[in-house]
Amino acid sequence: MPELGERLAELIEGEEGIVAFITNNSFLDGVAFDGMRKHLAEDCDAIYILDLGGNARKGLKVSDANVFGIRVGVSINLFIKEKEDSSDAPQIFYYRTDDLWDKKQKFDFLNDRQHVGGIEWQPIQPDPRHTWLTEGLRAEFDTFMPIGSKETKRPTSGGETIFRLYSCSVVTSRDRLVYSDDLKLLQKRVHAFIEIYNTAVDRKRRHDPKAPIEDFIDTNDPRIKWSRQVKASLKKLELSSYEESHFRTALYRPFCQKYLYFDNFWNEERYQQHRILPTPENEAENRQIIVSDHGFRSGFNTLMTNLIPDLHTLAASDSFQCFPFYTYDEDGTNHRENITDWALTQFRTHYKDEAISKWDIFHYVYGILHHPDYREKYQANLKRDLPHIPFAPSAKDFWGFANAGARLAEIHVNYESQPEYDKLKLVQNPNVPLNWRVEKMKLSKDKTSLVYNDFLILDGIPTKTYDYRLGTRSALEWVINQYCVKTDKRSGIVNDPNRANDPQYIVRLIGQVITVSLETVGIVAKLPKLR
């Protein structure tokens with residue numbers, strides 16, 4: 001909002017005045033705008049916000065709800081500064097139009113009210129974090145133990161959180177180039193884009209190191225993607241090298257693994273994943289809890305893995321933070337427990353139980369994050385902050401959550417080792433040759449059967465399978481969505497999940513994910529009650 005900032009700066013520098021502005025309404029509740037709201041409240045004597053809603057990303061209850069026909073929400077704002085200084089707190093007033101109104105009803109409302117005096121304003125009292133819209137926020141949430149914070153990630157921090165280090169998942173900015181179902185094809189692809197890049201570096205070095213980088217790149221070449229970081233590296237004439245050790249197995253989507261070229265140069269951001277799972281050997285002992293970052297759109301989600309996860313692992317529209325049990329040096333040595341001694345002391349003291357270990361706390365957290373009441377009750381808080389973890393009502397309940405979390409961890413991490421659902425019927429078409437190859441699977445209308453291909457239908461899928469949801473899909477629907485042959489239109493790259501050395505892998509995986517889904521639903525239903 002640069003124009004708004006410029007106008008407000010003019011207002012603040014002057015003695016008095018009013019700025020009337022129609023703008024994107026995301027600054028009203030976005031975490032990124034906490035600082036902006038703080039300064040608005042400090043520098044203005046009165047603020048009036050008429051929120052017209054209409055944010056398509058948050059889900060609209062009626063069509064044509066946006067007054068401008070755009071996807072972002074809209075608000076009319078008045079920022080007022082008086083000539084005389086006042087030590088009193090600013091007066092902030094808010095009104096939101098009905099979510100069920102369409103565009104015409106909102107314009108009729110504006111025509112009818114005409115001016116500020118025609119609105120029944122609601123006064124706003126910001127909380128200590130400069131949150132203006134506090135509806136749904138539960139005050140007790142802030143009294144629970146924070147799962148992590150930016151402050152405790154610092155070496156000098158006292159560590160008064162459950163986890164010391166946490167990290168975003170990996171961001172590639174070139175998924176089609178650095179992810180693949182086929183390792184050999186990915187290796188060829190990586191060779192190609194490294195060669196193209198290094199050729200550009202060589203040309204720029206020989207011709208004119210100071211010339212614009214655009215003179216040396218072809219943005220239409222589908223074999224490489226010139227993202228911000230790669231352009232910056234070219235400008236500095238940095239060469240890239242091919243490393244066999246950088247090919248890793250990653251969790252691309254729920255219960256969907258792909259090969260990844262895990263490289264600081266060709267991944268736009270690795271964040272701290274190189275300290276969480278620096279080598280394949282670390283996957284045998286480490287695990288990390290993936291948690292929805294604040295501002296999520298598809299609901300709060302969590303999953304545990306021992307692999308490097310993608311930024312959008314559980315929902316394409318959301319990003320996620322990862323909380324590992326161990327952290328390492330970049331070469332995979334010097335593993336350290338990531339749960340703080342402070343957290344261990346808190347749990348042992350609260351429950352008067354010295355037998356509680358850090359692994360127990362790790363699994364307790366995972367159990368709590370699955371609790372439906374916790375997710376529903378603190379949904380508004382979770383959209384603004386990372387999870388805060390409450391104590392269970394009793395020591396017995398603590399162990400109930402810890403044991404449930406441990407079992408959830410086992411079946412979610414080792415899903416490929418779980419038994420297949422034994423009541424799933426494999427109905428074969430006798431008129432078609434035996435064929436385990438998938439092109440694109442399709443569920444029946446009642447979702448009790450799955451057309452695997454022309455040869456095979458999988459029948460008898462329990463409806464409870466779909467109660468285990470991760471983002472906008474159930475776990476099984478994620479498998480159906482990801483395990484299909486896809487061709488990238490721009491590059492022509494084909495991703496084929498079928499495994500020549502294990503042709504029945506996908507059929508087996510479907511049975512295993514059904515088992516995992518049913519057991520997850522059963523475990524969650526039996527979790528202890530929270531206060």
Should the pair R270 and F262 be classed as cation-pi, given the thresholds of under 6.0 Å to the six-membered ring centre and 45° from the axis? yes

Under a 3.5 Å distance rule, please check whether T305 uses its side chain to pair with a backbone N or O of L307 as donor and acceptor. yes

Taking the side chain as every heavy atom from C-beta outward, state whether Q273 and C322 have any pair of such atoms under 4.5 Å apart. yes

Which heavy atom of C256 sits nearest a heavy atom of Y415, and at what distance? N-OH, 3.9 Å

Backbone N/O of N381 and side chain of D385: donor-acceptor pair under 3.5 Å: no

Given 3.5 Å as the limit, does a donor-acceptor pair link the side chain of S357 with the main chain of D360, or not? yes

As a quick check of understanding, evaluate side-chain contact (heavy atoms from CB on, under 4.5 Å) for L314 and W478, giving each step before the final call. CA-CA 9 Å; L314 308 185; W478 273 115; 5.8 Å; no

What distance do I162 atom CD1 and I147 atom CD1 have between them, rounded to the nearest 0.5 Å? 6.0 Å

Report the C-alpha distance between W132 and Y94 in whole Å, list the side-chain angles of each, state the deciding distance to 0.1 Å, and finish with yes or no for ring pair (Phe, Tyr, Trp, His ring centres under 6.0 Å). CA-CA 9 Å; W132 287 1; Y94 177 78; 8.9 Å; no

Are N66 and R71 close enough, and set up right, to give a side-chain contact (heavy atoms from CB on, under 4.5 Å), and what steps lead you there? CA-CA 7 Å; N66 192 291; R71 292 185 60 80; over 6 Å; no

Can you tell me if E281 and T279 form a side-chain donor-acceptor pair at under 3.5 Å? yes

Has the side chain of Q229 got a donor or acceptor atom that lies under 3.5 Å from a matching backbone atom of F265? yes

Main chain of G299, side chain of N301: is a donor-acceptor contact present, judged purely on distance under 3.5 Å? yes

Test item: side-chain donor near acceptor, Q288 and Y166, under 3.5 Å: no

Looking only at heavy atoms, the pair that brings S474 and Y466 closest together is OG-CD2, 3.4 Å

Applying ring pair (Phe, Tyr, Trp, His ring centres under 6.0 Å) to Y364 and F398, what does each step give before you reach the verdict? CA-CA 7 Å; Y364 172 85; F398 168 84; 4.8 Å; yes

Angle class for the H371/F401 ring planes (parallel below 30°, perpendicular above 60°, tilted otherwise)? tilted

Determine whether the aromatic ring centres of F325 and F163 lie less than 6.0 Å apart. no

Donor-acceptor contact present, side-chain N414 to main-chain S417, <3.5 Å: no

May I ask you to test the F320-D310 pair for a side-chain heavy-atom distance under 4.5 Å? no

Checking side-chain polar atoms at under 3.5 Å, does Y378 have a donor or acceptor matched by the opposite partner on E140? yes

For T520, run the side chain to side chain contact (heavy atoms under 4.5 Å, CB included) check against V516, I523, L518 and tell me which one passes. V516

Taking salt bridge (charged side-chain N to carboxylate O under 4.0 Å, His left out) as the criterion, tell me which of D29, D34, D127, D293 meets it with R384. D34

Does some side-chain heavy atom of K103 sit less than 4.5 Å from a side-chain heavy atom of F68? no

Under a 3.5 Å threshold, yes or no: a donor from one side chain and an acceptor from the other, between T327 and N338? no

Tell me the closest heavy-atom pair linking T97 and K106, and the distance in Å. OG1-CE, 3.7 Å

Regarding R248 and D263, does a basic nitrogen lie under 4.0 Å from an acidic carboxylate oxygen? no

Within a strict 4.5 Å, meaning less than it, do heavy atoms of the F144 and R138 side chains meet? no

Apply the test salt bridge (Lys or Arg N to Asp or Glu O under 4.0 Å) to residues E337 and R164: give CA-CA distance (whole Å), side-chain angles for both, the deciding distance (0.1 Å), then the verdict. CA-CA 9 Å; E337 292 176 334; R164 180 174 294 280; over 6 Å; no

Show me the pairs that pass salt bridge (Lys or Arg N to Asp or Glu O under 4.0 Å) and involve residues 474-486, at least two apart or across chains. K447-E477, R469-E477

Assign the ring pair Y197 / W266 to parallel, tilted or perpendicular, where the plane angle (0 to 90°) is split at 30° and 60°. perpendicular

Dump the intermediate steps for side chain to side chain donor-acceptor pair (under 3.5 Å) on E519 and Y468, then the final yes or no. CA-CA 9 Å; E519 186 169 356; Y468 178 38; over 6 Å; no

Side-chain donor or acceptor of T340 paired with backbone N/O of T161 under 3.5 Å: yes

Is there a side-chain contact (heavy atoms from CB on, under 4.5 Å) between N306 and L277 once you walk through the steps? CA-CA 8 Å; N306 63 339; L277 291 167; 5.5 Å; no

Under the criterion salt bridge (Lys or Arg N to Asp or Glu O under 4.0 Å), I'd like the reasoning laid out for R96 against E135: C-alpha separation, chi angles, the key distance, then a yes or no. CA-CA 13 Å; R96 181 180 176 88; E135 183 180 1; over 6 Å; no

Can you name the closest pair of heavy atoms from P497 and C484 and give their distance? CD-O, 3.3 Å

Just by modelled atom types, is the L408 backbone N or O under 3.5 Å from a matching donor or acceptor in the H412 side chain? yes

When every non-hydrogen atom of G367 is compared with those of L527, the smallest separation belongs to O-CD1, 3.7 Å

Got D182 and D496 here, is their nearest side-chain heavy-atom distance under 4.5 Å? no

Go through D318 and S292 one step at a time and tell me if the side chain to side chain donor-acceptor pair (under 3.5 Å) criterion holds. CA-CA 7 Å; D318 293 337; S292 294; 5.3 Å; no

So, R375 side chain and F300 main chain: donor-acceptor pair closer than 3.5 Å or not? yes

Does K258 make a cation-pi contact with Y252 (under 6.0 Å, within 45 degrees of the axis)? yes

Atom OH of Y259: over 12 foreign heavy atoms under 6.0 Å: no

Would D397 and S394 satisfy side chain to side chain donor-acceptor pair (under 3.5 Å), going step by step from the backbone distance to the final call? CA-CA 5 Å; D397 292 327; S394 68; 3.0 Å; yes

Is there a side-chain contact between L251 and L303 in this structure, where contact means two heavy atoms from C-beta onward sitting under 4.5 Å apart? yes

For Q418 and T515, does a side-chain donor sit closer than 3.5 Å to a side-chain acceptor? no

Side-chain donor-acceptor pair present, N282, Y326, cut-off under 3.5 Å: no

Whether R174 side chain and I224 backbone form a donor-acceptor pair below 3.5 Å: no

When you look at CD of E376, are more than 12 heavy atoms from neighbouring residues, nucleotides or ligands closer to it than 6.0 Å? no

side-chain contact (heavy atoms from CB on, under 4.5 Å) for F391 and M145? Distances and angles first, verdict last. CA-CA 8 Å; F391 287 119; M145 287 179 290; 3.5 Å; yes

Non-hydrogen side-chain atoms of S240 and F193 separated by less than 4.5 Å: no

When you compare the side chain of S180 with that of N495, does any pair of heavy atoms fall below 4.5 Å? yes

Between F93 and Y48, what is the ring plane arrangement, given parallel below 30°, perpendicular above 60°, and tilted in between? parallel

Where do L260 and V170 come nearest, in terms of heavy atoms and distance? CD2-CG1, 4.3 Å

